[in-house]
Number of protein chains: 2
Amino acid sequence: MGDTPGSTGIGSEPSLEEQIAAYQREFRDLDPQVEKIVSALSRLNRRMNVAYGRQTSALGISNAEWEVLKALVLSGAPYRMGPSELAKRLGLTPAAMTHRIDRMVAEGLVTRERDESNRVRVIVELTTEGREKWLEAMRLASVFEEDLLQDLSAEERTVLGEALTRLLRRVEHAQPDAGGRLTDLD
Amino acid sequence: MGDTPGSTGIGSEPSLEEQIAAYQREFRDLDPQVEKIVSALSRLNRRMNVAYGRQTSALGISNAEWEVLKALVLSGAPYRMGPSELAKRLGLTPAAMTHRIDRMVAEGLVTRERDESNRVRVIVELTTEGREKWLEAMRLASVFEEDLLQDLSAEERTVLGEALTRLLRRVEHAQPDAGGRLTDLD
DNA sequence: AAGATAAATTTCGAAGCTAAACAGTACACA
DNA sequence: TGTGTACTGTTTAGCTTCGAAATTTATCTT
């Protein structure tokens, strides 16, 4: 196992090899190959997140804000969603969603207005500035990703994409999806 | 790009395919294959973290606690570290480390005592209970992981492990590793 | 028109972190 | 032997973000 329910901290870590060796030492029945895959996956993901985080924070947006921008953009033009819809999508309570939207309105990333056709509802809409921030972050990220995968051959990319989606399907099938804190492995 | 600096929320998401299609629609210059790999990786990692989180929280330990347990176990017998060493390892300030250790001492996962040979230092040591919790979590995690990788052939495992470690090396090389909030892609 | 239902917000409080000040110990070096 | 300096860990105060529960406002049902 990677590291298991580890975390997201990035402090000074031992190398992947050292860590796997330590796992072998402390926990006998462990397949080194499985361990290698899971640990590498977890650690790779964490490093990528650090990179993304740097890029977005350079643009002045937090992760919480990024999530909202992403949800709105992916909903398609005209980039509108209700708070409760957003909350469900992001796994937050309505209260937390209200707070987030407050901040984002103050920063000009979204607007909030009542739906005139049903005045109980509220419409959160992406501003031009919000959309441009998202686009800029995507540009940075796509460059980073192309660069990251540079060394992989076309065939390797195919196998990798195929294997990962197969694993994903398996996890999504098996998961009843309940509570449980999140974190990063490794 | 996966989703980019996304987050860790697990709300109700669109399927991977739908999401990739949305990315294509909203952001033109994007290699679908790269996108597929990065998104699957990110999403897979998140789902796995949910599974791990459920397992550890069933054992009554938080992610923060898990990190500390892991660092201590991997340091090897006699499972002792100083707070500042732990803080550096986990990427926390000393103050935050003090708080975490407070909680874990109260729960009997670790002990804290002064180093008699150098009374400025403090020694945090894993208790038997702490070690057993770690072992139990590892047992659960390793079962989960074996099950997850079940479908992959020996050859696929080799290719996957190799490709992931290569990507990891590339990221670790390129990363000056500065601030930047973390999160999960996708 | 009177509930019943639903959406969003407000209020209050909890968790977890950081920065900065503080306290205690060890070591260098006159 | 004393004194300054450096280092560890803790304390204090404050910030950010979230959640639970109560509250407000609007809609729907009958």
Side-chain angles (χ1 to χ4, degrees), chain A residues 7-11 53 56-57 60-68 71 80-107 109-125 178-184, chain B residues 5-11 53 57 60-68 71 80-107 110-125 178-184:
Chain A
S7 91
T8 192
I10 264 303
T56 50
S57 70
I61 59 185
S62 70
N63 305 300
E65 289 164 346
W66 172 260
E67 287 176 53
V68 178
R80 297 174 164 201
M81 291 179 79
S84 49
E85 196 181 351
L86 275 169
K88 198 189 303 178
R89 175 83 176 63
L90 304 184
L92 295 177
T93 62
M97 201 65 240
T98 294
H99 297 322
R100 263 195 205 185
I101 295 169
D102 287 346
R103 290 168 234 149
M104 294 182 71
V105 168
E107 294 173 23
L109 297 172
V110 300
T111 58
R112 169 164 45 191
E113 53 184 279
R114 301 215 85 90
D115 181 344
E116 289 306 328
S117 73
N118 181 344
R119 301 188 41 77
V120 154
R121 292 179 178 278
V122 167
I123 298 177
V124 178
E125 180 173 334
R181 273 291 122 56
L182 296 203
T183 8
D184 237 300
Chain B
S7 89
T8 192
I10 266 301
S57 71
I61 59 185
S62 69
N63 306 300
E65 289 165 346
W66 172 262
E67 287 176 52
V68 178
R80 298 173 164 200
M81 291 179 78
S84 49
E85 196 181 351
L86 275 169
K88 198 188 305 176
R89 175 84 176 62
L90 303 184
L92 296 178
T93 62
M97 201 66 239
T98 294
H99 296 324
R100 261 193 208 187
I101 295 170
D102 287 346
R103 289 170 235 150
M104 295 182 71
V105 168
E107 294 174 23
V110 300
T111 58
R112 168 163 44 192
E113 52 183 280
R114 301 215 85 89
D115 181 346
E116 289 306 328
S117 72
N118 181 343
R119 300 186 43 75
V120 152
R121 293 178 177 279
V122 166
I123 298 176
V124 177
E125 181 174 333
R181 274 291 125 54
L182 296 201
T183 7
D184 238 299

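A, B, ... follow the sequence lines: proteins, then strands. Residue 1 opens every chain.
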Novice: Which atoms form the tightest heavy-atom contact between Val122(A) and Pro83(A), and what is the distance?
Specialist: O-CD, 3.3 Å
Novice: Using the side-chain contact (heavy atoms from CB on, under 4.5 Å) criterion, which residues pair with Val105(A)? Sequence neighbours excluded.
Specialist: Ile101(A), Val110(A), Arg112(A)
Novice: Going 5' to 3' along DNA chain D, which nucleotides are the first and last within contact of chain A (any atom under 4.0 Å from a heavy atom)?
Specialist: dT17(D) to dT27(D)
Novice: Mind checking side-chain contact (heavy atoms from CB on, under 4.5 Å) for Glu107(A) and listing every partner two or more places apart, or none if nothing turns up?
Specialist: Glu65(A), Leu109(A)
Novice: Which salt bridge (Lys or Arg N to Asp or Glu O under 4.0 Å) pairs, counting each pair once, include a residue from residues 90-100 of chain A, with sequence neighbours left out?
Specialist: Glu67(A)-Arg100(A)
Novice: Check side chain to side chain donor-acceptor pair (under 3.5 Å) between Arg119(A) and all other residues, then give those that pass, not counting sequence neighbours.
Specialist: Glu116(A)
Novice: For a quick check, with a 4.0 angstrom heavy-atom cut-off, what is the B/S/- contact string for nucleotides 15-25 of chain C, read 5' to 3'?
Specialist: -SSBB----BB
Novice: Mind listing the closest non-hydrogen atom pair of Ala71(A) and Leu86(A) along with its distance?
Specialist: CB-CD2, 3.8 Å
Novice: Do any of residues 80-87 of chain A sit with a heavy atom less than 4.0 Å from DNA chain D, and if so which?
Specialist: none
Novice: Sequence neighbours left out, cut at 3.5 Å: what donor-acceptor pairs do the side chains of residues 92-99 of chain A make with other protein atoms?
Specialist:
| residue | atom | partner | partner atom | Å |
| --- | --- | --- | --- | --- |
| Thr93(A) | OG1 | Ala96(A) | N | 3.3 |
| Thr98(A) | OG1 | Pro94(A) | O | 3.2 |

Novice: With sequence neighbours left out, what residues match Thr111(B) under side-chain contact (heavy atoms from CB on, under 4.5 Å)?
Specialist: Glu113(B), Glu125(B), Thr127(B)
Novice: Asp115(B): which residues meet the side-chain contact (heavy atoms from CB on, under 4.5 Å) condition with it, sequence neighbours left out?
Specialist: Ser117(B), Asn118(B), Arg121(B), Ile123(B)
